[in-house]
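Before any comments, here is the structure.
Positions are given from 1 along the sequence.
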Amino acid sequence: MMGIVWAAIIVGGVGLILGLFLGFMGKKFAVEVDQKEIDIRAELPGNNCGGCGYAGCDALAKAIAAGQADCGACPVGGAPAAAKIASIMGAEAGETVHMTAFVKCSGDCEKAKENYVYSGVEECSVMPFVPNGGAKTCTYGCLGYGSCVKACPFDAIHVVNGVAIVDKEKCKACGKCVAACPRHLIELIPYESKYAVSCSSKDKGKDVMQACSVGCIGCMLCTKQCEFDAIKVENNIAHIDQTKCTGCGKCAEKCPKKIIIKQNHKSAKGYAHK
């Protein structure tokens, strides 16, 4: 019986000594953590989407605390998070532009022509290895297989009738859909943008009309209407400089293909390409 008691005493004593030793060593070799980093991390949304350019929210918090990243670097947190983080850093948040993704294509199943019926792996990244880069005649348009949908962590983009459509109210401008699109059809534009060009074809007008009924033909009627030099045609495709656009709508009125789309800021319906 005494042997059991002594064994218990010895085991308990060894455990106590080890506990004290580990506690002492933990304090002696503890890595100091910047309180600012902890506070900043608490203000970040925790999506770990990578839209800020860092591996995740922990990495971004560390970079901001070290002065290596801007207080408004998180696209998901937006202006509210930027203001709180700036307060922690003792700095001014500055102006944060609310961005959203925009798909530069209107060639849905009715408008875009097809060369053949495709039957195979339905993945956008596979299309460069199939004839003509896919079934659609236009080699610039949306492939419609949803690589962008799979990449989006916010359920903000879906393929409808063969074309990807962005829900502006859900989009956090993380940029994952931009990176996922093999045809580089998606760009980030200011949420408050009045108009955007929903086409990416660089072909000449005649070739565009043979491939899609709503493709930009590079006629330059839009540029002639704009009084603010906000829209230009380069490589046969119109593009709007959102910093110059006043939203007058004259370019959209004159566009014969109606691919200069007015943006609706209260509903995703106005943003979708029908």
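Summarising the geometry of I88 relative to K36, their closest heavy-atom pair is O-CE, 3.9 Å, with the distance given to 0.1 Å. The two residues L188 and A173 make their nearest non-hydrogen contact at CD1-O, 3.9 Å. For the residue pair C245 and I240, the shortest heavy atom distance occurs at CB-CG2, 3.9 Å. The shortest non-hydrogen separation linking C174 to C49 is CB-SG, 3.7 Å. Taking each heavy atom of K170 and F154 in turn, the nearest pair found is O-CB, 3.9 Å.
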Are D229 and K232 close enough, and set up right, to give a salt bridge (Lys or Arg N to Asp or Glu O under 4.0 Å), and what steps lead you there? CA-CA 7 Å; D229 193 37; K232 292 184 178 180; 3.8 Å; yes
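Neither Y145 nor V149 shares a network with the other; the hydrophobic side chains, linked directly or stepwise wherever heavy atoms of I, L, V, M, F, W or Y lie under 4.5 Å apart, form separate groups for each. The same ILVMFWY cluster, assembled from side-chain heavy atoms under 4.5 Å apart, contains both V178 and I157. If you chain together hydrophobic residues whose side chains sit under 4.5 Å apart, V121 and L143 fall into the same group. When the side chains of ILVMFWY residues are joined at heavy-atom separations under 4.5 Å, either directly or via intervening members, I186 and M99 end up in a single hydrophobic cluster. In this structure, I231 is a member of the same hydrophobic cluster as V214, with clusters built from ILVMFWY side-chain heavy atoms closer than 4.5 Å.
Contact check for R41 versus C57: side-chain heavy atoms found under the 4.5 Å cut-off. Considering only heavy atoms from C-beta on, S198 stays 4.5 Å or farther from C105 through its side chain. Two residues are said to be in side-chain contact when any heavy atoms from C-beta on lie closer than 4.5 Å; C212 and S201 fail this criterion. Two residues are said to be in side-chain contact when any heavy atoms from C-beta on lie closer than 4.5 Å; C222 and V233 meet this criterion.
Atom-to-atom distance recorded for L44:CG and C74:SG is 5.5 Å, nearest 0.5 angstrom. The CG atom of D58 sits 10.0 Å away from the NZ atom of K62 when rounded to the nearest 0.5 Å. Here the CZ-CD distance, from F102 to E187, works out to 7.0 Å after rounding to the nearest 0.5 Å. In this structure, S193 OG and Q263 CD are separated by 6.5 Å, a value rounded to the nearest 0.5 Å. One finds the CG atom of N115 at 12.0 Å from the NZ atom of K136 (value rounded to the nearest 0.5 Å). Of the inter-residue distances, the one linking E192 atom CD with I189 atom CD1 reads 11.0 Å to the nearest 0.5 angstrom.
By the 4.0 Å N-to-carboxylate-O rule, E227 lies close enough to K250 to be salt-bridged with it. Looking at K111 and D108, a side-chain N of the basic residue comes within less than 4.0 Å of a carboxylate O on the acidic one, giving a salt bridge.
The environment of NZ in K257 is crowded: more than 12 heavy-atom neighbours from other residues, nucleotides or ligands sit within 6.0 Å.
Using modelled atom types, no side-chain atom of T100 and backbone atom of Y191 make a donor-acceptor pair closer than 3.5 Å.
When each of I217, I237, V197 is tested with I259 by the rule side-chain contact (heavy atoms from CB on, under 4.5 Å), just one qualifies, namely V197.
Within the structure, the side-chain hydrogen bond (donor to acceptor under 3.5 Å, both in side chains) test picks out the following pairs touching residues 116-133 (sequence neighbours left out): E123-S147, E123-K150.
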